[in-house]
Amino acid sequence: MVFRSYMDIALAEAEAAAARGEIPVGAVLIHDGSVIAQAGNRTRELNDPTAHAEMLVIRAACTTLGQERLNDCDLYVTLEPCPMCAAAISNARIGRLYYGAADPKSGGVGQGPRIFSHAQCHHVPEIYDGIGAGPAQDLLKRFFAARR
């Protein structure tokens with residue numbers, strides 16, 4: 001089986017989020033080689049602090065598949081998930097997590113609380129970091145530089 005990254009779709013969602021004035025994070029959820037959900041952050045637009053890209057695609061995928069478990073799914077996200085999103089990834093039983101840029105300030109996977117390393121974590125996905133990290137970091141840097 002040949003690996004195919006879907007990070008380009010997640011990056012396009014992050015760029016669209018930036019254009020809306022949202023923190024530029026994008027995510028895409030794959031099931032059986034098909035995109036079943038994609039989104040960028042919408043916390044400001046929806047006035048919802050939980051409307052992170054990961055949360056939006058998890059909700060959409062569960063609705064599309066008609067189930068709360070996403071065992072056979074792959075999640076691509078441009079930035080390391082925060083603790084809230086990491087917990088949702090675990091609860092949804094997502095099979096594989098691919099993320100781009102590390103998030104030393106707010107990350108919850110390889111940084112900070114490392115949600116998947118806790119005994120209370122019921123499911124740990126396969127984790128692949130650094131996928132498309134350069135473009136994701138550049139987008140975030142440009143976004144925040146324009147606001148300072």
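In this text, all values refer to a predicted model and were calculated from it rather than measured experimentally. Position 1 is the first residue of the sequence, and the numbers go up from there.
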Please report the closest heavy-atom contact between [X] and [Y], naming both atoms and the distance.
X	Y	value
P49	T43	O-CG2, 4.0 Å
A37	A61	CB-N, 4.1 Å
G110	Y99	N-OH, 4.0 Å
H31	D72	CD2-O, 3.9 Å
P24	A17	CA-CB, 4.2 Å
M55	A88	SD-CB, 3.5 Å

Does [X] reach the main-chain N or O of [Y] with its side chain, forming a donor-acceptor pair under 3.5 Å?
X	Y	result
E80	D103	yes
T78	G26	yes
Q111	A102	no

Consider only side-chain heavy atoms of I, L, V, M, F, W and Y, link residues closer than 4.5 Å, and tell whether [X] and [Y] are in one cluster.
X	Y	value
Y6	L139	no
V57	V109	yes
L75	I9	no
V35	I58	no
L46	M84	no

For the atom pair [atom1] ([X]) and [atom2] ([Y]), what is the distance rounded to the nearest 0.5 Å?
X	Y	atom1	atom2	answer
I131	L11	CD1	CG	11.5 Å
I89	C73	CD1	SG	12.0 Å
R93	Q67	CZ	CD	12.5 Å
Y98	Y128	OH	OH	5.0 Å
E13	M7	CD	CE	13.0 Å
H122	N91	NE2	CG	7.5 Å

Item to check | CD1/I23: more than 12 non-hydrogen atoms of other groups inside 6.0 Å | outcome: no
Checklist entry - Counting only heavy atoms not in R96, do more than 12 sit closer than 6.0 Å to its CZ atom? => result yes
Next on the checklist: Assess the residue pair R20 and R44 against the criterion (side-chain contact (heavy atoms from CB on, under 4.5 Å)); give the C-alpha distance rounded to whole Å, side-chain angles, the decisive distance to 0.1 Å, and a yes or no.
Outcome noted: CA-CA 9 Å; R20 294 190 302 272; R44 291 175 180 253; over 6 Å; no
Next on the checklist: Are the side chains of I115 and P81 in contact, using a 4.5 Å heavy-atom criterion?
Outcome noted: no
Item to check | Check: I30 and I36 side chains under 4.5 Å, non-hydrogen atoms | outcome: no
Item to check | Side-chain donor-acceptor contact under 3.5 Å, D32 with S34 | outcome: no
Item to check | Evaluation steps, side-chain contact (heavy atoms from CB on, under 4.5 Å), between V77 and C85 | outcome: CA-CA 11 Å; V77 61; C85 292; over 6 Å; no
Item to check | I94 and E54: CA distance, side-chain angles, deciding distance, side-chain contact (heavy atoms from CB on, under 4.5 Å) verdict | outcome: CA-CA 11 Å; I94 290 174; E54 302 96 318; over 6 Å; no
